[in-house]
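Since the structure comes first, as structure tokens, the remarks are kept for the end.
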Amino acid sequence: MNKTAGAVLALAACGGAWAQGSVSIYGTVDLALSRASSGGVATTGLKEGGHTASRIGFRGTEDLGGGLDAHFLLEAGHDPETGAGTLPGPGLAFSRQAFVGISGPWGQIDAGRMYTPMFYTLFRADPYGVNAVFSPLNLVSATDAQRGITPFAARASGMLRYRTPAGSPFLADIAYAPSKAAEPSRRSGEFKGATFGWSRKPWYVAYGFQRARSGTAAAPVAVPAVTTYHALSASYQFAELTLYAHAMRTTVRHAAAPDARLFSLGASYPVTPVSSLILEAAQRKVSGSDRAQFAWTLGYDHHLSKRTALYARWLGLANRGGASATLAGVPVVADSGNGVRVLAAGIRHNF
């Protein structure tokens, strides 16, 4: 009885805090029925996050006075098909985002695990929001024909970060995550990133980059390979039609890996007041290699309410020159040149 009473009192206390609006719970539940194929092998089943990655999070703010606010955010991924956690799972962990900071008229400073500045550069000019399943921009994470590079990171841990105030047309987003390694290299795992841009309708234009050194604190390397990603991203909104474009380049130092370039074009158009048609295509090429990829996604969104939407996605990926990159998590046989096809229909609910 004492334990039960204690639990009730704890919930009541939490409810009081939430009633004051200082802490809130938010999240997304997204599940789709999909059919995926590559190299003659096809699978059918439920897949999480076809529109927006499923998550649950807690955010809070405190007014410190004088225009200052303290804030925090804790966010975990989950798979509605099984109830297990993601990133990496199966346990539930705040590995999507976990940070604390302070903000004022001068901007915002945060510390912890967050999306990188370059991720937001891409996100703001992608009609699919760099969705981990269906956005063709995920080819930026491909390492095919670039052995030794550090894969693109949508998030980084241990970051210190500054961002310009929300609502400012000028965008500056600067982040640094120092290495925790000792010998043989104290810079193993070091991360740097930044974005500078302009956002005022109908335009959004930004340049972003991120630089990561190979190795970790647990497994440092004597001479870390330095991988740098560059992106120039833009979007323009007409009366109804919105266009999107990206030009990206990946370079590597201290590793025998060639450069890669990625270009993409996209568009979204409101077919009705509650539905939209979306199309995006991307091409990735590696210098001095015949291996390349071309990916596209056709999508349709229908909003049942402000929080609930039905959606359909059709994705295609062509590997050329014996390449074996993948999208949507579909297995591709190494050096096969096999492509990927995915057709899905699902529902996404925000809370």
Would you say CG of D290 has more than 12 non-hydrogen atoms from neighbouring residues, nucleotides or ligands within 6.0 angstrom?
no
Any side-chain to backbone donor/acceptor pair from S188 onto V221? Under 3.5 Å, distance only.
yes
Hey, does the side chain of T61 reach the backbone of H71 with a donor-acceptor pair shorter than 3.5 angstrom?
no
The salt bridge (Lys or Arg N to Asp or Glu O under 4.0 Å) partners of R163 (sequence neighbours excluded) come to D110
Can you check whether F134's main-chain N or O pairs, donor with acceptor, with R313's side chain at less than 3.5 Å?
no
Taking every heavy atom of G208 against every heavy atom of T121, the minimum-distance pair comes out as CA-OG1, 3.8 Å
Looking only at side-chain N and O atoms, does R211 offer a donor or acceptor that is under 3.5 Å from a partner on T228?
yes
Measuring centre to centre across the rings, with the benzene-like ring taken for any Trp, is F99 within less than 6.0 Å of F72?
no
CG-CG distance between L315 and L317, expressed to the nearest 0.5 angstrom
7.0 Å
For the residue pair S34 and A344, what are the closest heavy atoms and their distance?
CB-CB, 3.6 Å
Taking all non-hydrogen atoms of both residues, which atom of A145 and which atom of V286 are closest, and how far apart?
O-CG1, 3.8 Å
Taking only residues at least two apart or on different chains, which pairs with a member in residues 198-242 satisfy ring-ring contact (aromatic ring centres under 6.0 Å, His included)?
F152-Y229, W203-Y236, Y236-F238
For H51 and Y311, take the angle between the two ring planes, folded into 0 to 90°, and tell me which bin it lands in: parallel under 30, tilted 30 to 60, perpendicular over 60.
tilted
Can you name the side chain to side chain donor-acceptor pair (under 3.5 Å) partners of S287, sequence neighbours left out?
none
Looking only at heavy atoms, which two atoms of V342 and A328 are closest? And how far apart?
CG2-CB, 4.0 Å
